[in-house]
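Below: the structure, in structure tokens.
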Amino acid sequence: MPELQVDLGRGLRLSNPVGLASGTAGFGFELADLVDLDRIGALYTKGTTRMPRAGNPPPRVAETAGGMLNSIGLQNPGVEHVATVYAPLFSQWRCAVIVNVAGATVDEYVQCVRILDGADGIAGYELNISCPNIAHGLDLGRDPGEAARLTAAVRAVTERCIVVKLSPNVSDIGAVAAAVESAGADAISAVNTFVGLKMHRQARRPVLAGSGTGGLSGPAIKPLAVAAVAAVRAAVRIPVIGVGGIIDTGDAVDFIIAGADAVQIGTATFPDPSTAVRIVDGLTEHLAMVGISHLSELRWHPQEPTIGLFAAAGVAPPP
Amino acid sequence: MPELQVDLGRGLRLSNPVGLASGTAGFGFELADLVDLDRIGALYTKGTTRMPRAGNPPPRVAETAGGMLNSIGLQNPGVEHVATVYAPLFSQWRCAVIVNVAGATVDEYVQCVRILDGADGIAGYELNISCPNIAHGLDLGRDPGEAARLTAAVRAVTERCIVVKLSPNVSDIGAVAAAVESAGADAISAVNTFVGLKMHRQARRPVLAGSGTGGLSGPAIKPLAVAAVAAVRAAVRIPVIGVGGIIDTGDAVDFIIAGADAVQIGTATFPDPSTAVRIVDGLTEHLAMVGISHLSELRWHPQEPTIGLFAAAGVAPPP
Amino acid sequence: MSTSLRDVRDQRGEVVAVAQLGGGMVEVSARLPHLAGVAKPGQFAQLRCGGSTTPLLRRPFSVAWTEDDVASFVLAPVGVGTRRLAALRPGEPLDALGPLGQGFTVSGATRALCVSGGLGCAPFPLLIRALRRAGTQTVTVVSGAASAARLYPAARFARGDPGVHVEQVTEDGSRGRRGLVTDAVPAHLDGASTAVYACGPTPMMVALARILQGSPAPPIAQVSLEAPMGCGYGTCLGCALPVRGADGQAWTLCCREGPVMDVETVDWDELMTLPPAHVA
Amino acid sequence: MSTSLRDVRDQRGEVVAVAQLGGGMVEVSARLPHLAGVAKPGQFAQLRCGGSTTPLLRRPFSVAWTEDDVASFVLAPVGVGTRRLAALRPGEPLDALGPLGQGFTVSGATRALCVSGGLGCAPFPLLIRALRRAGTQTVTVVSGAASAARLYPAARFARGDPGVHVEQVTEDGSRGRRGLVTDAVPAHLDGASTAVYACGPTPMMVALARILQGSPAPPIAQVSLEAPMGCGYGTCLGCALPVRGADGQAWTLCCREGPVMDVETVDWDELMTLPPAHVA
Ligand SMILES: Cc1cc2nc3c(=O)[nH]c(=O)nc-3n(C[C@H](O)[C@H](O)[C@H](O)COP(=O)(O)OP(=O)(O)OC[C@H]3O[C@@H](n4cnc5c(N)ncnc54)[C@H](O)[C@@H]3O)c2cc1C
Ligand SMILES: Cc1cc2nc3c(=O)[nH]c(=O)nc-3n(C[C@H](O)[C@H](O)[C@H](O)COP(=O)(O)OP(=O)(O)OC[C@H]3O[C@@H](n4cnc5c(N)ncnc54)[C@H](O)[C@@H]3O)c2cc1C
Ligand SMILES: Cc1cc2nc3c(=O)[nH]c(=O)nc-3n(C[C@H](O)[C@H](O)[C@H](O)COP(=O)(O)O)c2cc1C
Ligand SMILES: Cc1cc2nc3c(=O)[nH]c(=O)nc-3n(C[C@H](O)[C@H](O)[C@H](O)COP(=O)(O)O)c2cc1C
Ligand code: FES
Ligand code: FES
């Protein structure tokens, strides 16, 4: 029986590498009737902020070729509600619940984590330093120094596992990854959404409200996310969680080949709530088919010399 | 009759805003039998370098959801061949031929433009400071200072129109745009491809050769390219040429709403060589339908207050 | 902490009939026993061609009719998703996630007025059947469209029930009264005995809301609204609609608290500033 | 500065027949007068379901047969593009851009040997007809596949022509000789009088190249190769294939200088390092 367990560090062991991505699974309750939360490895909650947020005005979502834009604006009930009302209920599911935390300043993150640290039921934190849909949401994530400062500040107040979620909207994602690793991150998730814009052709302005931009997710961004994961993998030694455009087992395998230790399913859950559970089963089958016992054996090692598939299959080249 | 002419500066007036993007139209000859080059506004040639280049090893292209990755590696016959053999033949077509120039150092760009400046038939240059598929291809394009230095150096040696083609793989494309504008660019094209990676699941390594990464183009990137164009538009006053994922007239209109003065059709020409010519006709029809005489009237002005479409249509809200 | 999805299933149905209703309108019927069994008038389902991931997201459609284990939807090809759904053929698979959202309040008001604009006809057949079963004596439908060709066939509202009266209105006068569907509304209002239900384009609903504000309050005044949806089941927070909250303006989720809402809950001024969801 | 595209047209054809050939293989025939009129054996066309932009790129297929104004293609559903093409039904539109590339050299060699592996069968029916019309007396086809179910039907190579002989080879021995198709090749080689043509998976072609290297040179020894293609007409530079250039290793374009190439031109060592184009 192949082994799907994954160790994210600080004692956080996931039963399998498949998680539901932040913002696509609420706080669990929203889709517990549709997704078997006992079968997945982790649930990353909707971004949680110090104070409650009503979110952005509509329209908040728009579809594009193979993707969707969202500008939810971090609608959430605020960290106190999450810590006192939601967290006590998290343990009803067997999946690890990792609370995604967002803020505009280092201090807001620290306050959120302090408050959440007082609650049981929380397996770890995912620091969203990359939300494109709120003012200043990207500032902390674009500069390696700022990202490290944030990570170190949160590290100082919690012993729980810290996952830092990176923005792809940067010149050098590897540099940010290396900076947060040195500052004490236990794992990295990559990537958040890409800044996109869709126009309303009759109205001659953006479809989405506000500045009009939103975050692009879905299959359209998969090759970009896989590239980001490979770049992060090359820059750090800690676990990497791949996210962006996964809709089936093959997609998840691609991220693992690129260097991910775990994955998150985001947008794909919307049209098909069973996606994550299907991928858990699919990964087990894939390991059996390929004949290996752990997913990490799938990983591509760029340094190793390339052997052609045919050659590997024992077909000799002509003399 | 609506007016499609576009002025890119330095006397370069295009008969219409629709061009064929660099790398998707060769030097014109490759597809002159399939595309009526008299009907389009401009042809941006394949990236031209100081010395001939054989290009990257195969595989060089791979398809993804709504997009394609390429890692051609700037295969081209070298600037001398372009200046002496190709350029004299460019004037057989009514479209403007703008030579796309690439290099690894400022000096290479300067040398290329010097050599090309001696040839007739060339309407201007597009400086590709953004090719993701050659070593150092991105360095000049990621740093506003470097991009400006390159632009100024080329500006010093030519009176022809200089278009600078920006990379989207940066934290702040507006800053690069502003820098090259100040350094003397006449126009900006945005964007080149996004760095992407596709895995070969059986071989457990990238599909594409070399580092494995390629540049993502096609409909998948359209919302990202439109966002980039809006950001560039907000940062500069010179003409902006929008490119990325356009496959029909509506797509081109979206870029123009976002702030583009002209557009380029890239990948879409591959499956359908008639795309660009169809869009030229489509834009004329669109202007007639909307009842305006110049495309620039379509432009979105983010500063202007939003008026609801229904409200604009004279439907009064309830008391 | 919604727990209202216990009735929701993702079922793969088989298309059993596709009827062209004129004006591009299509009625797609599929064997979907669960949905057909539990859907209430005004609820919707998230549809896609069986197993298809292009387009990426499903599309929301009101359940228009149910009969035994078959559920029917009325739609017209306006964009990529509806084009593919409208091209389905009998025997092909259709995925339906539902029933979703809050339906209409069906109580025993003596009379009911259904105001239908264009494709807003979709939820009415099921609602009308339920109203009549709940004891409503007369159901009047005022059904409007741009032209005769785009009118939902009157007989499909009534389905043979003599207690249902349909009045047609077209903008170009090509059938029935010429004008806007809301022009026909005031004559049918009579305060407390007539429940009012509406579904149609935003300007129509706004006009109706204005008419109702100047009239004696009906026992029920509900509209079915639309918002672009990511999930359809309350998780993505994408389908916000402006409502009049306790402390001023607020948002609610169309897919979970709607799509049917009480007229006075909606913030119509704010809704008017939004562009139509369909981007052509 | 290629000027060889003068014959190329983008034509929208109508599918007239879809034949299931077993083993998942499908023959799609469409009314495409231009292609049917001018395509030469070994040339290909870039296909897509009429007007479809999903998948984004067209897919290359050998012209397998032409008859009056109908062109036929043989394919199997291996990925997203072929799945959609294999699901076409009569009456539906098919876009074909072609004919593209360099075909086989058809000269009057006395005998010809066609080595076909799996779906590599596709170009042979057209080639065989041309060879026989050009005076070749005997055409022998060695046709291999993993199992009987996956063999291209022998009768479709010959199409009733008694000068065509088909020898079948299967890896599992379920029909004909057991083994690799190339095992059957040496017996049919006889140096200068037999032209050799091959199409199939890379390992098969490599094995054939090795056999030929140890044999007297045939008058013609050509293979039809594959490369992932962006455009199919020489513009994107995406379809590079490794060849033995004047000064060592070089690239050539599969779509423009190929897909048919002389065996000795190809750099087989380099080709062996490439992963199969199809990514599953
Ligand atoms: C609760 C609900 C019930 C509905 N019931 C029906 C019905 O019974 N019959 C019917 O014909 N239509 C109905 N609609 C509208 C229908 O969902 C849209 O026409 C459809 O989504 C358009 O998809 P498209 O791909 O063809 O258009 P596109 O414009 O290509 O779609 C692009 C995106 O915009 C969204 N969108 C487009 N138009 C609408 C719209 N009017 N409302 C919400 N989102 C939209 C799509 O879902 C998609 O995400 C309903 C909408 C909602 C919210
Ligand atoms: C000149 C030429 C002629 C061909 N003739 C035939 C034929 O007559 N019958 C037939 O069944 N097949 C033929 N093929 C192979 C056929 O083009 C591929 O099977 C098809 O492109 C697969 O597309 P897909 O979307 O189903 O697979 P996917 O794997 O989903 O395609 C992904 C990408 O890889 C490319 N790709 C996948 N497999 C191949 C391949 N074998 N060769 C080149 N590119 C590939 C696709 O074009 C696409 O860009 C030919 C290929 C070439 C280059
Ligand atoms: C509607 C929506 C809301 C999201 N909200 C958050 C969020 O609150 N915090 C966060 O870190 N990421 C958020 N994301 C990003 C996803 O977690 C994920 O990184 C991204 O969507 C890419 O994955 P996908 O392509 O599988 O969706 C959101 C994505 C979507 C689509
Ligand atoms: C095969 C291919 C080759 C390209 N070569 C070049 C090039 O040489 N120089 C350049 O500036 N851009 C090059 N590009 C980028 C395109 O010009 C364009 O910026 C990009 O493809 C996005 O547009 P699209 O989505 O319409 O293709 C190339 C793109 C493709 C697909
Ligand atoms: S559509 Fe996702 S919350 Fe309503
Ligand atoms: S496929 Fe584009 S050059 Fe050959």
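Naming convention: chains lettered A, B, ... in sequence-line order (proteins, then strands); numbering from 1 in each chain. The shown structure was predicted, so the numbers you read here are calculated from the model rather than taken from an experiment.
Of the listed residues (G234(C), C236(C), P242(C)), the one with the most heavy-atom contacts under 4.5 Å to chain A is C236(C). Note on P57(A), G218(A), G55(A): by heavy-atom pairs under 4.5 Å with chain C, the leading option is P57(A).
Contacts of T235(C) with chain A are made by both backbone and side-chain atoms, with heavy-atom separations under 4.5 Å. For L31(A), the parts lying under 4.5 angstrom from a heavy atom of chain C are both the backbone and the side chain. If you measure heavy-atom distances from P77(A) to chain C, you find no contacts under 4.5 Å at all. Within the 4.5 angstrom heavy-atom criterion, no atom of S274(A) approaches chain C.
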>> Quick one, V80(C) with E63(A), criterion side chain to side chain contact (heavy atoms under 4.5 Å, CB included). Give me CA distance, side-chain angles, the key distance, then yes/no.
In response: CA-CA 11 Å; V80(C) 50; E63(A) 194 168 322; 5.5 Å; no
>> Evaluate V8(C) against D33(A) for side chain to side chain contact (heavy atoms under 4.5 Å, CB included), listing each step before the verdict.
In response: CA-CA 8 Å; V8(C) 178; D33(A) 287 332; over 6 Å; no
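The heavy-atom pair separating R58(C) from P271(A) by the smallest distance is NE-O, 2.6 Å. Between C231(C) and F270(A), the closest heavy-atom pair is CB-CD2, 3.6 Å. The nearest pair of heavy atoms linking A54(A) to W251(C) is O-CD1, 3.3 Å. Across all non-hydrogen atoms, the minimal contact from M68(A) to L57(C) is SD-CD2, 4.0 Å.
Here T53(C) contributes atom OG1 and D248(A) contributes atom CG; the two are 8.5 Å apart, rounded to the nearest 0.5 Å. With values rounded to the nearest 0.5 angstrom, T64(A) atom OG1 is found 8.0 Å from L56(C) atom CG. Note that CG of L74(A) is 10.0 Å distant from CG of L237(C), once rounded to the nearest 0.5 Å. Rounding to the nearest 0.5 angstrom, the gap separating the CZ atom in R9(C) from the CG atom in L34(A) is 9.5 Å.
Within 6.0 Å of the CZ atom in R59(C), the count of heavy atoms belonging to other residues, nucleotides or ligands exceeds 12.
You'll find the side chain of P59(A) reaches within 4.5 Å of the side chain of L274(C), heavy atoms only.
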